[in-house]
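Please read the structure below before turning to the comments.
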Amino acid sequence: MQYRKVKNQIIIENVKSFDLDETFECGQCFRWNKINNKEYIGVVKDKVLKIEKIANKIILKDTKMEDFKSFWLDYFDLNLNYDEIKLELSKINVTLKNACNFAPGIRILKQEPWETLCSFIISQNNNIPRIKGIIERLCQKYGNHLFGNFYMFPEAKVIAKLNLEDLAFLRCGFRDKYILDAAKKVTNGDINLDLISDMPIEKARLELMKINGVGKKVAECVLLYGMHRLEAFPEDVWIKKAMEKLFPKYDSYKFGKFAGIAQQYIYHYTRMNKDLLN
DNA sequence: GTCCAGGATCGGA
DNA sequence: TCCGATCATGGA
């Protein structure tokens, strides 16, 4: 991988294992939107990025080398060699190998812990288009305005001051009270996301589950997507079915320290090939 | 009208 | 410990 700046674009060449559709549409994130055939636009922290893939070049638009090096390189996890990981995972089981090969351009993004926590609370018993809508409404109402139609994800301390009526416009159903509980605990220090990031994973899970509305699955999503704990293994309905049907002899721990990445390949693979689970 | 969506919680067996 | 009902909402 090499990168260079041309005008106000960063061009990354020879990028392996990075496909925008596969990475943004595999269910790990909710604030990246496809604006045409090849471009996505997304908001991360206080940054808005337009990104495009042409052949094996990734182009980051209207951004600075400084931001790329200090932020996006890490956000897109570009220092991790996914080819090696897929090679290891493929040795475990031929079905897992097929899953790796189905969408080899998936990467696990390093998202913000609080945003990830809040987003996956909203995700419970919900569908992805609706999750995205709720999150966008939340950002537009309580997040800092950047420009145009782009808003930051609201800080926990801003949400913590609200009450249930203030969230009614979200139309997020029974999840409103969970959002408030999470915001309050993160703000008052009952839950310290920075500390949890570095805890042994068993303890980290239990800490996250102190939040009302956070169970095993949401906790695991926060660990994997918001804290880059690649051994975390979220088990939603798809993964549960997939494990029963496709990996009857395997427990998630057998997928090792990159179980979370394996999970992501399996999730996307089975959702896109529903007949595999029949 | 019914079913379902990246689940969690509660009450009762 | 396990199981089923229930929880809001909106699209199919």
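Quick note on labels: first sequence line is chain A, next is B, and so on, each numbered from 1.
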Using a 4.0 Å cut-off on heavy atoms, which residues in residues 227-244 of chain A reach DNA chain C? List them by number, or say none.
none

Taking NZ, NE, NH1 and NH2 as the nitrogens, is one of them in A:E235 or A:K240 under 4.0 Å from a carboxylate oxygen of the other?
no

Show, in sequence, the C-alpha distance, side-chain angles and deciding distance for A:K53 and A:D21, and conclude whether the salt bridge (Lys or Arg N to Asp or Glu O under 4.0 Å) test is met.
CA-CA 10 Å; A:K53 185 172 186 185; A:D21 290 320; over 6 Å; no

Flag the pair A:R229 and A:E220 as a salt bridge only when some basic side-chain nitrogen lies within less than 4.0 angstrom of an acidic carboxylate oxygen.
no

Per A:N127 side chain, nearest of listed nucleotides B:dA5, B:dG7, B:dT9:
B:dA5

Atom-to-atom span, CD of A:Q124 to P of B:dC10 - whole angstrom:
12 Å

So, does A:W114 use its side chain to make a donor-acceptor pair with the main chain of A:P154 at under 3.5 Å?
yes

In whole angstroms, the gap separating P of B:dG7 from CD1 of A:I211 amounts to 18 Å

Taking atom NZ of A:K110 as the centre, does the number of heavy atoms from other residues, nucleotides or ligands within less than 6.0 Å exceed 12?
yes

Measure the distance from NZ on A:K217 to C1' on B:dT9 and round it to the nearest whole Å.
17 Å

Under 3.5 Å, is there an N or O donor on one side and an acceptor on the other linking the side chain of A:E220 and the base of B:dG6?
no

Tell me which of A:N126 and A:G213 sits closer to the 5' end of DNA chain B, going by the nucleotide each one is nearest to.
A:N126

Can you check the A:K210 NZ to B:dT9 C1' distance for me, whole Å?
19 Å

Tell me what A:Y225 touches on the nucleic acid: a base, only sugar-phosphate, or nothing, going by heavy atoms under 4.0 Å.
base

In whole angstrom, what separates A:I179's CD1 from B:dA8's C1'?
14 Å

Using the C1' atom in both, what is the distance from C:dC3 to B:dG6, to the nearest Å?
22 Å

Indicate, with a heavy-atom threshold strictly under 4.0 Å, whether A:R171 touches base, sugar-phosphate, or nothing.
sugar-phosphate

In terms of side-chain heavy atoms, does A:K241 have a donor or acceptor partner in A:T270 at a distance below 3.5 Å?
no

Using ring centroids (six-membered ring only for Trp), state whether A:F30 and A:F120 fall under 6.0 Å.
yes

Pair A:K254 + A:D251: basic N to acidic O under 4.0 Å:
no

Determine whether more than 12 heavy atoms belonging to other residues, nucleotides or ligands lie under 6.0 Å from atom NZ of A:K34.
yes

Have a look at A:R175 and say if it touches a base, only the backbone sugar-phosphate, or nothing, with a 4.0 Å heavy-atom cut-off.
base

Would you indicate which nucleotide in B:dT9, B:dG6, B:dG7 comes nearest to any side-chain atom of A:Y178?
B:dT9

Scan A:C26 against the nucleic acid and name what it touches under 4.0 Å (heavy atoms): base, sugar-phosphate only, or nothing.
base

When you measure from the centre of the six-membered ring of A:F71, is the NZ or CZ of A:K45 under 6.0 Å away and within 45° of the axis?
no

Using the heavy-atom set of chain A and a strict 4.0 Å cut-off, write down the first and last nucleotide of DNA chain C that makes it in, 5' to 3'.
C:dC7 to C:dG10

CZ of A:F174 versus P of B:dG7: gap in Å, rounded?
9 Å

Given the P atoms of B:dA8 and C:dG10, what is the spacing between them in whole Å?
22 Å

When you check the phosphate oxygens OP1 and OP2 of B:dT9, does a side-chain N or O of A:N212 lie under 4.0 Å from one of them?
yes

